[in-house]
Amino acid sequence: MNKILVIGACGQIGTELVSALKAKHGDEAVLAADVRLLDDVPFALRPYVRLNVLDRTELRGLALKEKIGTVYHLVAMLSATGEKQPLAAWDLNMQGLLNVLEIAKSDRIRVFWPSSIAVFGPASPVSFCPQHAVTEPATVYGISKVAGELWCKYYHDQYGVDVRSIRYPGLISYTAQPGGGTTDYAVDIFHQALKHKRYQCYLKSDTTLPMMYMPDAIRATLELMDAPADRLTVRTGYNLHALSFTPDELAREIQSHIPEFKITYQPDYRQQIADSWPSSVNDRDARLDWGWQRQFDLHAMVADMLSHLK
Ligand code: AKB
């Protein structure tokens, strides 16, 4: 049986995706990979191999040795960190993907690669932004996601590579923390609310952004990968809608569980990034093509997050 390789397994999505894939396909069918040393990796991520995805020879050798049939390539520098190191973000985000697409082409490997709502920019519609809207992002991360989506479509159309992608919104989870994103506040706020009963938010109180609870994101990923290829009409990245809320709305929902919780606001450079993104997206294509539906609304997500983090 061909194995599944998850590259970037130690990150926010990878940590939970590896468990979900193991639950579905069995422990031995899933190989986790990242740049961390084995000793620094939690037991749940084993079997594990140290891998630098920028080294194509190493990547191909591993894929052939382990008989890899599907790669989930999750490595990326996110929007906020990317603005501090634009060229490093471009190199990591693009070269890693191209290496994966190249081995997918030569060795007939299926690929999942995460795109993002960051493909949109100031010229995109703000509310219920359509699947095929203007994509002129204002961040390096967004530029790398637009280019990456087009490369995915190119490898699919020209070489028949079965590559699939989702434009994730901000992801909220209780296991691994995100790192370097603009939407990270929506995870950090829970930790600070429980620990210190206060949180200083780097976005304005009324900044609405698209978000999703991790169980929905993992389920969406597995459902997309299970969908029959001939049902898929989008080979760039699918828009997915789950939640759209402001920091103020999230804080109020947390206050309904922790009445003493207080939020203050001190917007920084991330406000400009958030302002360039839509407040919600239209996911009609994902619903029609492979039956996408969210399960968690704001109320259910907050209750579940707090119950796990307590
Ligand atoms: C970020 O904030 O950079 C990410 C994203 C929306 O892709 N969470």
Side-chain angles (χ1 to χ4, degrees), residues 8 10-17 72-86 88-90 92-94 96-97 112-122 124 126 129 133 135-149 152 165-191 201-204 207-218 220-221 236-247 250 267-281 283 294 301 305:
C10 298
Q12 191 196 15
I13 302 174
T15 312
E16 300 209 20
L17 187 61
Y72 290 78
H73 170 49
L74 309 176
V75 178
M77 194 183 292
L78 298 187
S79 57
T81 312
E83 290 311 283
K84 295 189 173 151
Q85 308 172 52
W90 176 258
L92 179 68
N93 295 0
M94 290 318 304
L97 174 62
F112 176 83
W113 173 75
S115 186
S116 163
I117 53 141
V119 294
F120 298 117
S124 312
V126 173
C129 186
T135 47
E136 289 178 8
T139 62
V140 170
Y141 174 65
I143 297 171
S144 73
K145 290 297 182 189
V146 174
E149 283 194 0
C152 289
S165 179
I166 285 170
R167 290 173 178 160
Y168 289 121
L171 296 178
I172 301 161
S173 60
Y174 52 83
T175 46
Q177 297 255 14
T182 303
T183 57
D184 293 8
Y185 91 83
V187 177
D188 202 24
I189 192 170
F190 286 95
H191 293 271
C201 185
Y202 54 79
L203 297 181
K204 288 192 219 153
T207 310
T208 308
L209 285 174
M211 301 276 183
M212 186 183 285
Y213 195 33
M214 190 60 91
D216 272 343
I218 298 296
T221 310
T236 49
Y238 275 98
N239 274 6
L240 287 196
H241 172 76
L243 310 165
S244 276
F245 56 76
T246 66
L250 178 56
D268 67 16
Y269 72 101
R270 287 168 282 193
Q271 183 65 48
Q272 207 184 342
I273 302 177
D275 287 343
S276 76
W277 290 346
S279 56
S280 59
V281 297
D283 61 3
R294 70 119 196 244
M301 180 275 286
M305 274 294 279

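Indexing begins at 1, ligand by ligand and atom by atom, following the structure's order. Values reported hereafter were calculated over all heavy atoms of this structure, with side chains retained and with hydrogens, waters and symmetry mates removed.
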Task: Under 3.5 Å side-chain donor-acceptor pair for Y168 and K145 - done: no
TODO: Name all residues meeting the salt bridge (Lys or Arg N to Asp or Glu O under 4.0 Å) criterion together with D216; count only those two or more places apart in sequence or in a different chain, and write none if there are none.
DONE: R219
Open item on the list: Quick one, Y141 and T81 - any side-chain contact, counting heavy atoms below 4.5 Å?
Closed with: no
Task: Nearest heavy atoms of A118 and P137, plus distance in Å - done: O-CB, 3.3 Å
Task: ligand 1: protein residues within heavy-atom distance under 4.0 Å - done: L78, S79, S116, I117, Y141, G181, T182, T183, W277
Open item on the list: In terms of relative ring orientation, are Y202 and Y185 parallel, tilted or perpendicular, with 30° and 60° separating the classes?
Closed with: perpendicular
Open item on the list: Tell me if the CD atom of E136 is crowded by more than 12 foreign heavy atoms within 6.0 Å.
Closed with: no
